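Report on the following structure.
Residue numbers count from 1 along this sequence. Worth saying up front: this structure is predicted, and the values here are computed from it rather than measured.
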Amino acid sequence: MSKVYSIGKFGVRVGRSPSQLREMDRRGVFPARWTATGRRYYTEADARRFLGEGPAAAGGLTVVYCRVSSQGQKADLRRQVQAMETYCLGAGVAVDEWLSEIGGGLNFKRKVFLNLMERIEGREIAHLLLAHQDRLTRFGFDWFEHFAQQHGCTLSVVNQESLSPQEEMVEDLMTIVQTFSGRLSGLRAYRQQIREAARDG
């Protein structure tokens, strides 16, 4: 577990004032890390890098992805983000970017999701964290995990069941039922046409 510093404590660790660190962050000389709620923080690895005691940061970003299905779940999304922030700070995970979106788990055309997959394919992301595997996708998680691993990205699932709303699963299952019901209706109509054609012949 990596130690996490507030800007004040990090300043003591590396011999800089908070105002100097803010200026370095603003100019991009030594960027801070940010929590999902907009607080600067640093890790022990950052301290060693600042002091020239460790290697430069390895390529690949650490990203947290959060999702809910509907606009009515915005409070659930905030709770999910806060829970992941608490987890990452407690586990000493240095997060480079926080992503969140509203969209169904069966919808593979979600904009943030598609962009995330493209960035993983481009080996831009080295570590992706999720509250629960269905936050990424309702079905096919094993394939997406394999896809990520093949492109140098590790997926970490915190498995917080409370952040996987039960009503979303019901909605997704109803969508599947409706889809297949529509297809079955179409097949029945097609079967009727075949019968009629056979009679005419």
Side-chain angles (χ1 to χ4, degrees), residues 31-41 57-91 93-186:
R33 300 182 188 276
W34 293 82
T35 67
T37 50
R39 290 181 293 160
R40 284 185 180 87
Y41 74 98
L61 301 174
T62 295
V63 174
V64 174
Y65 175 82
C66 300
R67 178 191 67 80
V68 292
S69 289
S70 66
Q71 292 288 337
Q73 294 176 299
K74 285 185 177 180
D76 289 338
L77 184 58
R78 286 193 296 272
R79 187 166 59 90
Q80 189 182 144
V81 170
Q82 289 169 356
M84 290 302 292
E85 179 178 305
T86 299
Y87 169 81
C88 291
L89 287 173
V93 176
V95 179
D96 296 300
E97 192 171 341
W98 294 81
L99 300 176
S100 62
E101 76 178 329
I102 297 173
L106 295 175
N107 177 9
F108 294 129
K109 294 183 179 180
R110 305 188 310 265
K111 288 184 179 180
V112 177
F113 171 80
L114 285 176
N115 182 255
L116 179 65
M117 291 298 109
E118 289 171 1
R119 293 171 67 189
I120 288 174
E121 186 176 23
R123 297 183 178 271
E124 181 182 340
I125 298 172
H127 190 190
L128 177 64
L129 292 99
L130 310 162
H132 192 271
Q133 67 182 35
D134 69 12
R135 297 303 82 202
L136 183 67
T137 177
R138 178 62 68 184
F139 298 110
F141 178 83
D142 290 344
W143 184 88
F144 285 104
E145 184 176 35
H146 173 74
F147 174 84
Q149 289 172 348
Q150 291 297 303
H151 293 88
C153 177
T154 300
L155 264 63
S156 294
V157 180
V158 177
N159 271 330
Q160 298 192 38
E161 294 286 349
S162 63
L163 300 179
S164 176
Q166 193 73 17
E167 63 270 19
E168 284 193 9
M169 184 175 70
V170 173
E171 289 174 12
D172 287 342
L173 288 173
M174 289 304 297
T175 299
I176 292 171
V177 170
Q178 289 168 1
T179 299
F180 278 97
S181 294
R183 288 182 180 176
L184 288 172
S185 297

On the 0 to 90° scale, with breaks at 30° and 60°, tag the H151-F147 ring pair as parallel, tilted or perpendicular.
->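 Tilted, since the angle between the ring planes falls between 30° and 60°.
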Pairing residues for F144 by the ring pair (Phe, Tyr, Trp, His ring centres under 6.0 Å) criterion, not counting sequence neighbours =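 F144 satisfies ring pair (Phe, Tyr, Trp, His ring centres under 6.0 Å) with F108, F113 once adjacent residues are dropped.
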Under the ring pair (Phe, Tyr, Trp, His ring centres under 6.0 Å) rule, collect the residues that match up with H146, sequence neighbours excluded.
->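 Partners of H146 under the ring pair (Phe, Tyr, Trp, His ring centres under 6.0 Å) test: none.
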Would you confirm whether W34, through its side chain, and W98, through its main-chain N or O, come within 3.5 Å as a donor-acceptor pair?
->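 No.
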Under 3.5 Å, is there a donor-acceptor pair between the side chain of R67 and the main chain of D134?
->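 Indeed, once roles are kept as given, a pair shorter than 3.5 Å links the two residues.
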From the options R78, R79, K74, select the one residue that forms a side chain to side chain contact (heavy atoms under 4.5 Å, CB included) with D76.
->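 Exactly one option meets the side chain to side chain contact (heavy atoms under 4.5 Å, CB included) with D76, and it is R79.
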Roughly how far, to the nearest 0.5 Å, is the CD atom of E85 from the CZ atom of R39?
->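 With rounding to 0.5 Å, CZ (R39) is 5.0 Å from CD (E85).
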Do [X] and [Y] have side chains that approach each other closer than 4.5 Å (heavy atoms only, starting at C-beta)?
X    : Y    : answer
E124 : L61  : yes
T137 : W143 : no
V95  : R33  : no

Determine, stepwise, if the pair E101 / L116 fulfils side chain to side chain contact (heavy atoms under 4.5 Å, CB included).
-> CA-CA 11 Å; E101 76 178 329; L116 179 65; over 6 Å; no
Between S69 and G105, what is the shortest heavy-atom contact and its length?
->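 Of all heavy-atom pairs spanning S69 and G105, the closest is OG-N, 4.2 Å.
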Set of side chain to side chain contact (heavy atoms under 4.5 Å, CB included) partners for T62, sequence neighbours left out =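 V93, D96, H127, L129.
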